Amino acid sequence: MKLLVLNGPNLNMLGIREPEVYGSATYAQLCEQIRAHAAILGAQIEIYQSNHEGDLVDKIQAAYGSVDGIVINPAAYTHTSVALLDALKAVGIPAVEVHISDVSKREDFRQISFVRQYCERTIVGHGFAGYLEAMDYLMGAHNES
Ligand code: DQA
């Protein structure tokens, strides 16, 4: 079972960017938590972050045939990107959308998510734990099928 964790723009700035919204833990610490959890679950893991929409599209396309589940925090591209939605639809890999903050309680422009139409679950406002919950879900869904 291989999981791909994808992070969009500015998530590499965790720990620095708006700590009152995203907390003070760093992107490196997020990656450590994800890797440790993957080891517990017995999952292979790849973690990728990009500030560029096309890079994220390329990564989703490259996952076709080799990845069993995608955890995606598209960050600001959540609210703008039809391309990411289309890429997920194209590869057909089960996916869960994660947001560190509770986007449902934030600005109006954050209420739209294009990838949500495809994702099996959306987890918001659970901080870094949301990624681990998404991994649990994808592993469970895979084991049932
Ligand atoms: C975010 C929420 C988005 O609205 C924002 O653009 C981000 C991070 C989150 O994880 O809470 O960059 O996806």
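Whatever order the structure lists them in is the order used to number ligands and atoms, beginning at 1. Please read these numbers as outputs of a predicted model, since none were measured by experiment.
Looking at His99 against ligand 1, both its backbone and its side chain come within 4.0 Å, counting heavy atoms. Within the 4.0 Å heavy-atom criterion, the part of Asn73 lying near ligand 1 is the side chain and not the backbone. In Val103, the part holding a heavy atom less than 4.0 Å from any atom of ligand 1 is the side chain. Residue contacts with ligand 1, taken as heavy atom pairs separated by less than 4.0 Å, do not involve Glu97 at all.
Of the protein's heavy atoms, His79 NE2, 3.5 Å lies nearest to atom 3 (C) of ligand 1. Residue, atom and distance of the protein heavy atom nearest to atom 9 (C) of ligand 1 are Ile100 N, 3.4 Å. Looking only at protein heavy atoms, the nearest one to atom 5 (C) of ligand 1 is Arg110 NH1, 3.3 Å.
With 3.5 Å as the limit, one finds a donor-acceptor pair spanning the side chains of Glu97 and Ser113.
Less than 4.0 angstrom separates some heavy atom of Ala76 from each of these atoms of ligand 1: 6 (O), 12 (O).
Residues Arg110 and Glu107 are paired through a salt bridge, judged by an N-O separation under 4.0 Å between the basic side chain and the carboxylate. Between Glu46 and Lys2, at least one side-chain N (NZ, or NE/NH1/NH2) sits under 4.0 Å from a carboxylate O, which counts as a salt bridge.
For Lys89 and Tyr118, the positive end is not near the middle of the six-membered ring at less than 6.0 Å and at most 45° from its axis.
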